[in-house]
Amino acid sequence: MVPTGRSPVRRCARTVRGHRGPIVGTVGSVTTLRGTLAAGSPDYVYLPFEVPPGMREVKVSYTYDRPRVPPGTPGNALDIGLFDPGGTELGGRGFRGWSGGARSEFSVRADEATPGYLPGPLTPGTWHIALGPYTVAPQGLSYEVTVTLTEGAAGEAPEAVYPPDRARGRGRDWYRGDCHLHSWHSDGRRTPDGIADLARAAGLDFVNSSDHNTHASHAHWADAAGDDLLVLLGEEVTTRNGHVLAIGTEPGTFVDWRYRAGDGHWARFAREIRRAGGLVVPAHPYAGCVGCAWKFGFAHADAVEVWNGPWTPDDEPALAAWDAALVASARGGRAWLPAMGNSDAHRAPDVVGLPQTVVLADGLTREAIQEGLRAGRSYVAESRHVSLAFSATAEGGERAGIGERLAVGHDTPVTVRLEVSGAPRCSMRFVTDQGALCTGGPLPVSGTGTLEWRTTPDRAAYVRAELRHETAFGPVPGAMAALTNPVFLGH
């Protein structure tokens with residue numbers, strides 16, 4: 001019970017544009033907050049409640065209405081999270097967890113918390129429920145949030161143990177990884193151990209934890225890692241104007257997501273990801289889901305995810321936009337943005353490692369893998385069975401591989417060579433700044449073959465390779481089986 005004379009809820013409500021409420025009712029240790037969010041409401045609404053001293057647990061549950069809407073009109077979808085007396089200001093000092101729309105209830109204690117939330121002290125003071133109306137029906141969205149406080153002695157906060165930043169490795173070699181994965185700490189249904197088992201079965205050497213808007217899983221990956229599997233820690237920063245992967249940040253790094261492109265905050269948080277040792281990788285930039293398409297530009301990116309899950313039509317514009325940026329970079333002598341591919345697997349039947357990024361690195365360490373990804377020494381394959389060797393060799397013997405530059409004269413003859421295994425009936429092609437200038441295949445049922453092409457830097461400022469499955473629709477491109485980052489030609 002709550003101590004006599006002390007209410008667990010401050011009886012106040014802020015007036016927020018597009019928000020009626022909350023109406024607060026308290027009976028003993030249970031507080032109910034009700035309100036209505038109108039269409040066009042703010043992205044986030046904060047409901048305050050008080051936690052007095054001597055509390056052992058905060059438990060939250062919520063419901064909201066789901067009225068019928070006309071076809072093509074978004075209905076109601078309401079996300080939820082929690083902030084402690086550290087506050088709700090941008091930056092997340094008070095952040096205690098986020099489950100989006102994946103859970104209807106959660107709890108936080110000193111010694112444990114619901115997946116997606118952080119255990120720790122139940123500091124007395126004003127806490128906030130964070131509501132995120134993802135979509136609101138024309139009729140509005142009425143919600144009811146119930147906060148239950150349990151009095152008692154607090155448990156002992158667990159000491160966080162994180163996975164090591166290196167695994168055994170094979171020295172300088174090609175390593176396979178999937179850097180976009182979701183566990184039950186956000187909207188996935190798999191545990192970290194379950195994801196690790198699937199990663200090993202997919203032939204992966206490394207993975208990256210990327211739960212939506214929370215770092216709560218970071219302390220739950222240590223047992224999943226091992227000499228054969230490097231676990232990088234990160235987050236999928238899920239804003240209302242696109243999603244970005246923070247890959248390989250320091251353990252316990254939280255990256256805030258509560259801003260839009262027009263707010264001018266993105267550069268700050270991109271810098272925070274880098275200061276925490278991570279890579280900045282916009283995810284599925286042309287996805288069609290609400291808030292998924294990337295609107296922040298690529299000036300602060302280290303790479304871009306051009307292939308997300310099984311190859312689908314929204315991957316084609318991502319690939320085309322990336323290729324167009326390569327043209328500008330190659331001809332202008334500017335820095336270029338490497339491509340990645342990841343599964344974005346959440347639950348069965350999502351396949352971990354479809355696709356996977358294969359990176360040339362000096363070892364199986366966080367630093368080495370990130371350096372290889374940042375340099376673009378990588379290709380994307382649909383499975384462990386697909387392997388590529390891709391290079392360009394000048395007439396005088398100079399040679400460059402994926403992500404490298406063959407610095408030779410503009411009219412120097414260059415031989416581009418692609419060796420493939422594990423891609424039966426797939427066609428091979430070389431794509432340049434002039435378009436697709438060389439096509440071969442389909443490969444035999446053995447899936448093994450070679451394609452060579454002679455060119456010069458005058459004809460091709462860069463060359464990259466694609467493998468595509470056969471299609472029954474003539475010139476319509478088939479689904480991707482593999483693609484490489486480019487080899488650049490010329491000074």
Side-chain angles (χ1 to χ4, degrees), residues 161-181 192 195-196 199-200 202-210 218 221-222 224-235 244-253 270 272-283 300-307 335-343 352-353 355-381 384 386-391 399-405 482-488:
V161 178
Y162 300 111
D165 62 2
R166 62 183 57 242
R168 186 174 57 241
R170 303 178 294 274
R172 187 171 177 82
D173 203 352
W174 292 91
Y175 294 96
R176 295 175 178 264
D178 188 345
C179 290
H180 191 164
L181 295 161
I195 293 171
R200 290 180 170 98
L204 301 183
D205 301 293
F206 65 94
V207 295
N208 179 73
S209 166
S210 55
H218 287 194
W221 277 97
D227 284 346
D228 62 333
L229 184 67
L230 173 69
V231 175
L232 307 177
L233 300 176
E235 180 184 331
V244 62
L245 302 174
I247 297 178
T249 51
E250 290 291 333
T253 298
E272 284 194 8
I273 293 171
R274 290 206 182 96
R275 276 197 297 267
L279 299 182
V280 178
V281 182
H300 300 286
D302 294 302
V304 60
E305 187 184 75
V306 302
W307 183 351
W336 63 285
L337 198 62
M340 289 187 67
N342 302 294
S343 72
V352 172
Q356 51 195 248
T357 298
V358 191
V359 56
L360 179 62
D362 289 333
L364 192 51
T365 69
R366 183 180 77 159
E367 183 179 359
I369 293 296
Q370 288 178 316
E371 198 281 325
L373 293 172
R374 190 183 294 109
R377 296 194 305 265
S378 59
Y379 64 90
V380 186
R384 66 186 302 174
V386 180
S387 294
L388 306 180
F390 180 56
S391 62
R399 183 182 180 279
I402 298 172
E404 297 177 339
R405 178 173 292 277
L483 63 89
T484 74
N485 276 304
V487 178
F488 293 92

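One-based numbering along the sequence shown. No hydrogens, no waters, no symmetry mates; every other heavy atom, side chains included, goes into these values.
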Polar side-chain atom of Tyr175 near backbone of Arg170 as donor-acceptor pair, under 3.5 Å:
yes
Mind checking whether Ile247 and Met340 have side chains closer than 4.5 Å, heavy atoms only?
yes
Where do Ala381 and Val358 come nearest, in terms of heavy atoms and distance?
CB-CG2, 4.5 Å
Pair Glu250, Arg366 - check side chain to side chain contact (heavy atoms under 4.5 Å, CB included), show working.
CA-CA 10 Å; Glu250 290 291 333; Arg366 183 180 77 159; 2.7 Å; yes
Value rounded to 0.5 Å, distance of CD1 in Ile369 from OG in Ser378:
10.0 Å
Looking only at non-hydrogen atoms, find the nearest pair between Leu373 and Val359 and report the distance.
N-CG2, 3.6 Å
Rounded to the nearest 0.5 Å, the OG1 atom of Thr249 sits from the CD atom of Glu235 at a distance of 7.5 Å
Quick one: are Thr484 and Leu388 in side-chain contact, heavy atoms under 4.5 Å?
yes
Indicate yes or no: at least one non-hydrogen side-chain atom of Gln370 is less than 4.5 angstrom from one of Asp302.
no
Has His218 got a side-chain atom pairing as donor or acceptor with Pro251's backbone, closer than 3.5 angstrom?
no
Would you compute the distance between atom OG1 of Thr357 and atom CG of Asn485 and round it to the nearest 0.5 angstrom?
8.5 Å
Which heavy-atom pair separates Trp307 from Leu483 by the least distance, and what is that distance?
CE3-CD2, 4.0 Å
Check whether any side-chain heavy atom of Leu245 sits under 4.5 Å from a side-chain heavy atom of Asn342, and report yes or no.
yes
Check whether any side-chain heavy atom of Arg168 sits under 4.5 Å from a side-chain heavy atom of Leu364, and report yes or no.
no
Using side-chain heavy atoms (C-beta onward) and a distance below 4.5 Å, is Leu181 in contact with Asn208?
no
Lys/Arg N to Asp/Glu carboxylate O, Glu371 vs Arg377, below 4.0 Å
yes
For the residue pair Val386 and Tyr379, what are the closest heavy atoms and their distance?
O-OH, 4.1 Å
Can you give me the closest heavy-atom contact between Pro355 and Val380, atom names plus distance?
CB-CG1, 3.7 Å
What pairs with Arg176 under side chain to side chain donor-acceptor pair (under 3.5 Å), at least two apart in sequence or on another chain?
Gln356, Ser387
Indicate yes or no for a side-chain donor-acceptor contact from Arg274 to the backbone of His300 under 3.5 Å, with no hydrogens or angles considered.
yes
What is the minimum heavy-atom distance between Asp205 and Trp174, and which atoms define it?
OD2-O, 4.3 Å
